[in-house]
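Okay, structure first, notes after.
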Amino acid sequence: MQLSEHRYNTVSSIAGPLLFVQGVMQARIGEVVRIQSPEGKVLDGEVLEINGDTVMLEVYGITQGLDIKGTSVVFTDSVKRAPLSRDMIGRVFNGAFKPIDGLPPLFPETWAPVTGYPINPSARARPVEFIETGVSVIDGLNTLVKGQKLPVFSCSGLPSKEVVAAILRNARIMGREASSQERDRIRQAGDFVVVFAALGLTFYEYAFYETVLREMRSGFVAFVNMADEPVMERLLTPRFALTAAEYLAFERGMDVLVIITDMTNYCDALREVSTAREELPGRRGYPGYMYSDLASLYERAGRIRQQKGSVTMLPVVTMPEDDITHPIPDLTGYITEGQIVLSRSLHQKGIFPPVDVLPSLSRLMQRGIGKGHTREDHRAVSNLLYKYYAKGRDLRRLEAIVGRDGMTDKDKQMLDFADSFEGEFVHQGGARRSVFETLDIGLDILKRFKLEE
Amino acid sequence: MTGRITGISGPTVSADAAGLKLYERVFVGHAMLTGEVVRIEKNRSVIQVYENTRGLAVSEPVEGTGTPLTVRLGPGILSGIFDGLQRPLQTLRDESGPFIKTAKALNPLDFSRQWAFHRLIKEGDTLHPGDIIGYVREGPFQHTILCPPHVQGKLSWVADKDIRLDSPVGALEDGTEIPGYHDWPVRVRRPFRKKRSPSERLVTGQRVIDFLFPIARGGTAIMPGGFGTGKTILDQSIAKFADVDIVVYVGCGERGNEIAELIEEFELLKDPWTNRTLMERTILCVNTSNMPVAAREASIYTAVSMAEYYRDMGLHVLMLADSISRWAEALREISSSLEELPGEEGYPTYLASRLSGFLERAGVVESGGGKAGSLSMILSVSPPGGDFTEPVTQSCLRTSGAFLMLDTALAHRRHFPAINWFQSFSLYGSELLEQEREMVPLEWEEARSRCKDILQKEEGLREVAEIVGVEGLQDPDRLLMHVAETIRLRFLSQNAYTEDAFSAPERTLSIIRGILDFYDEASKRLKEGIPLEELLTGKGLRGEGIER
Ligand SMILES: Nc1ncnc2c1ncn2[C@@H]1O[C@H](COP(=O)(O)OP(=O)(O)O)[C@@H](O)[C@H]1O
Ligand SMILES: [Mg+2]
């Protein structure tokens with residue numbers, strides 16, 4: 001791996017997570033460096049920029065305690081790689097891919113660069129295979145398919161982790177024919193695996209997820225960067241997770257569901273590095289390249305023609321100030337294939353999952369539903385539910401102005417429909433629903449109201 | 001012409017190479033990454049690298065090629081899928097697997113393929129750059145083989161049967177061989193004899209566009225809209241149904257899965273005008289969001305050069321780019337890594353002039369070979385936060401002929417295409433009117449103004465209804481509201497997943513005529529005292545109602 005290592009003691013300046021070293025002979029962009037502090041602590045880092053013989057490094061770890069005189073830097077002549085093996089399944093690693101579950105280190109079968117490579121667009125297979133999440137608003141109206149990237153847009157204080165947990169517990173990656181025995185068989189055969197990346201989570205949040213992961217029958221691999229762990233590592237953690245996911249999917253033929261939470265912490269880390277680099281800040285201080293950077297993560301979801309395996313991604317984004325036009329949800333929505341938007345007002349009404357279907361969208365739904373995928377009437381049911389609910393929501397505004405009495409009977413019915421839709425279809429508590437149950441509930445509400453125009 | 005790398009920052013590399021020219025193509029590092037010289041200083045040249053610079057080291061070699069960044073033009077481009085540097089992606093996939101790992105240069109054209117060649121000149125003729133030597137048949141088209149730039153002289157021989165691109169199609173008396181293809185610098189527009197004003201309509205198959213905001217062949221249109229407003233679906237629908245010979249589709253910094261979907265569909269679906277598969281008339285140029293940023297910047301130039309090449313054969317070409325904002329962002333990333341002084345929102349101050357220079361490559365032209373062809377452009381724009389006051393939308397607005405504003409509120413109501421009928425406009429209306437008058441005397445014009453009028457009135461009435469409730473409106477007003485709703489739901493909306501995805505002009509006109517006839521008839525009955533409810537359910541009407 002390491003062809004020729006060079007050690008330098010020529011640190012010229014340190015600024016936050018950045019370190020400048022002078023007199024370096026042959027640095028490479030992306031080259032891994034090891035930084036030794038005066039007390040002998042060793043940190044990882046990477047070459048970000050080279051100007052003549054001055055090299056700018058990004059340090060993955062806490063730079064506190066480093067100084068100019070006593071710090072040395074080793075250039076390893078290799079780029080950041082992830083050690084990969086099937087034995088990752090069932091293991092918990094930190095953000096730098098070191099085991100934190102007390103079990104012995106991994107024996108890698110192979111290594112791969114953490115940044116991955118773009119899938120050749122002409123080699124992609126178009127995502128069409130239905131994934132049943134057991135959640136009505138998703139399966140019925142915003143269907144998820146294998147190879148899709150579908151984020152959950154949440155607000156602080158909303159139960160995004162409970163929504164993710166519900167999906168984790170109930171997702172059936174196999175289509176409709178799969179009986180529950182079959183599902184168990186698939187899970188036991190290890191063809192379905194969850195890769196979980198925690199970015200900047202509090203211990204409380206992480207403990208919740210860990211319990212969920214342990215209770216699942218399918219395998220999982222977890223990468224954990226907690227709130228008090230180095231911010232820079234947060235930029236690396238999802239890349240390790242996705243490299244592991246790609247390996248399991250495309251080398252081992254598994255269907256991989258990647259959960260990344262919370263992307264907002266990732267973007268804040270990105271902003272921190274950018275500011276330290278004194279780059280020109282873009283909207284709200286986030287760097288101008290944030291779109292491309294986010295795409296380099298999200299676009300790793302997909303399927304490949306004539307090959308088994310898939311990477312499906314469910315990132316969680318907490319919208320700062322509940323604002324969907326904030327750069328983090330905005331750029332995410334521009335890259336992902338839809339979004340599941342949680343709503344504060346539904347949550348206050350006690351509805352779980354509190355998904356607002358109007359701004360929610362699954363762009364790949366059309367190909368994954370209907371005959372041969374879910375049920376023949378799926379498209380019609382979903383279109384009608386959506387249409388009437390949108391109308392009912394519109395009318396609520398009118399009701400607030402003119403009062404219920406000023407409205408036509410038809411409009412009153414539409415209002416009641418919207419309430420039933422929220423209370424019966426969207427709200428399901430902790431129960432799991434098959435897609436058929438979901439469609440039947442939808443049909444039932446539609447029949448009850450007879451809303452033909 | 002060779003030197004060494006002295007610095008690397010993102011996609012920008014400095015080198016001590018002397019003697020390089022501005023915009024010269026260079027090979028960077030042992031991996032031979034493609035780059036372009038973007039700045040020359042006394043002791044260093046700054047190079048924009050079109051590939052990922054990870055792993056690149058200082059003191060690796062930099063080598064000039066003596067030529068600018070070019071695109072290879074010749075038979076076999078049609079149906080191709082290329083990246084932003086015109087690398088054939090399918091060949092790349094077949095040779096090196098599903099992931100793009102190498103920066104390998106690949107020939108965009110298949111040199112081993114045989115083409116039946118028909119020559120149009122003979123030995124002894126004098127040849128100038130741009131002259132037609134002959135043609136081959138590429139799909140349904142006569143693909144003219146042109147005399148390459150810089151080649152001039154008396155012909156000593158010319159092929160008269162099958163040709164392959166790896167051998168010449170002819171030679172000059174001085175021994176110069178003439179290849180059947182040529183390389184063209186992407187940033188230079190291809191010359192033409194004369195530019196004409198756009199005067200023919202481009203049928204897109206989308207009623208709201210063809211009827212309310214028509215686009216001309218050779219014209220330009222922009223479609224700005226926040227995420228989820230339907231830009232991509234609209235782009236792809238137009239790519240499927242537009243009444244043109246050739247479509248060049250640029251996937252510029254967007255999703256890989258969308259491209260996979262497009263490829264699969266286009267290999268199956270038929271062009272409604274010719275009944276051939278869509279792929280036979282399509283050229284794809286894709287640089288998805290996770291592919292190198294600088295190549296994304298180049299991709300629109302690569303694509304437009306290919307589009308111009310086919311235009312020069314006298315064909316009608318439509319170029320669609322999804323999205324031009326990603327191109328502008330690439331430009332911004334490059335500019336910022338060059339440490340240029342930023343303009344508005346960090347975009348370089350030359351954003352507007354670059355954009356208008358690019359949009360000017362559209363038009364109706366008479367080529368050097370004497371053929372008249374057109375190049376139309378439809379560009380989607382992705383404004384941050386859906387805010388149209390941002391620089392890219394505003395810069396496009398100044399030079400484009402039609403502005404199709406996609407509205408988030410309409411999209412949330414699933415009214416697609418979510419083109420806002422109050423804010424959008426087309427400057428082509430008046431030029432195209434002449435043509436419309438010939439097609440259907442006055443009818444389009446009249447129907448259009450009535451339709452706009454009804455929608456305008458609905459807006460006013462809606463405000464009143466917010467206060468008094470719909471019940472509080474007069475019957476004629478309620479009838480108008482009903483008609484307006486019908487126009488929105490049955491006419492302006494088109495579901496891309498149904499048969500209705502494409503609407504031929506006759507169908508477009510017949511639907512609106514049906515709705516307006518209903519309105520006239522119902523208004524008359526209302527005056528005669530028939531109750532509104534009966535009219536709305538169709539009971540109180542004679543004759544047929546609205547066509548579905
Ligand atoms: N003409 C249409 N008919 C039906 N659905 C549409 C249409 N246009 C857009 N949509 C819906 O809107 C979603 C987003 O459209 P898309 O073109 O991907 O938006 P954008 O490119 O603006 O982000 C699609 O996945 C589809 O569900
Ligand atoms: Mg799009």
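The basis for the numbers below is simple: all heavy atoms, side chains too, and nothing from hydrogens, waters or symmetry mates. All values reported here derive from a predicted model rather than from experimental measurement. Chain A is the first sequence line, chain B the second, and so forth, proteins listed ahead of strands; every chain is numbered from 1.
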What distance do [X] atom [atom1] and [Y] atom [atom2] have between them, rounded to the nearest 0.5 Å?
X: F227(B); Y: Q339(A); atom1: CZ; atom2: CD; value: 4.5 Å
X: L489(B); Y: K387(A); atom1: CG; atom2: NZ; value: 7.0 Å
X: L56(B); Y: I50(A); atom1: CG; atom2: CD1; value: 7.5 Å

Closer than 4.0 angstrom, basic N to acidic O: yes or no for R305(A) and E264(B)?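 Salt bridge: no.
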E533(B) with K410(A): basic N within carboxylate O range, under 4.0 Å: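 No salt bridge links E533(B) with K410(A).
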What part of [X] gets closer than 4.5 Å to chain A, counting heavy atoms only: side chain, backbone, both or neither?
X: E339(B); answer: neither
X: R93(B); answer: both
X: S14(B); answer: neither
X: S382(B); answer: both
X: A330(B); answer: neither
X: E329(B); answer: side chain
X: V58(B); answer: both
X: E333(B); answer: side chain
X: E390(B); answer: neither

So among E31(A), R28(A), E46(A), which one has a side-chain contact (heavy atoms from CB on, under 4.5 Å) with R54(B)?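 Running side-chain contact (heavy atoms from CB on, under 4.5 Å) over E31(A), R28(A), E46(A) with R54(B) returns exactly one hit, E46(A).
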N/O donor-acceptor pair under 3.5 Å between [X] side chain and [Y] backbone:
X: R255(B); Y: I335(A); result: yes
X: R124(A); Y: A260(B); result: no
X: N120(A); Y: L89(B); result: yes
X: Y291(A); Y: G253(B); result: yes
X: N257(B); Y: G147(A); result: yes
X: Y334(A); Y: P383(B); result: yes
X: E299(A); Y: G256(B); result: yes

Answer with side chain, backbone, both or neither: which region of [X] has an atom nearer than 4.5 Å to a non-hydrogen atom of chain B?
X: L398(A); result: side chain
X: D394(A); result: side chain
X: P113(A); result: neither
X: T115(A); result: side chain
X: M25(A); result: backbone
X: Y389(A); result: neither
X: R367(A); result: side chain
X: E399(A); result: neither
X: Y298(A); result: neither
X: L294(A); result: neither
X: R283(A); result: side chain

Any idea which of [options] has the most non-hydrogen atom pairs under 4.5 angstrom with chain B?
options: L297(A), V47(A), L364(A), T336(A); value: T336(A)
options: Q366(A), R379(A), M407(A), Q148(A); value: Q366(A)
options: Q26(A), H326(A), R300(A); value: Q26(A)
options: P287(A), S296(A), A27(A), A390(A); value: A27(A)
options: G302(A), P281(A), P359(A); value: P359(A)

With a sphere of 6.0 Å drawn around NZ of K101(B), does it hold more than 12 non-hydrogen atoms of other residues, nucleotides or ligands?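 Open: at most 12 neighbouring heavy atoms sit under 6.0 Å from NZ of K101(B).
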Report, as yes or no, whether the 6.0 Å neighbourhood of atom CD on E95(B) holds more than 12 heavy atoms from other residues, nucleotides or ligands.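 Yes.
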Is any side-chain heavy atom of [X] closer than 4.5 Å to a side-chain heavy atom of [Y]?
X: E261(B); Y: V128(A); result: no
X: I304(A); Y: F99(B); result: yes
X: I81(B); Y: P121(A); result: no
X: E265(B); Y: R126(A); result: yes
X: D387(B); Y: T325(A); result: no

Assess whether side chain to side chain donor-acceptor pair (under 3.5 Å) is satisfied between T232(B) and R363(A), documenting all intermediate values. CA-CA 11 Å; T232(B) 304; R363(A) 294 165 188 266; 5.4 Å; no
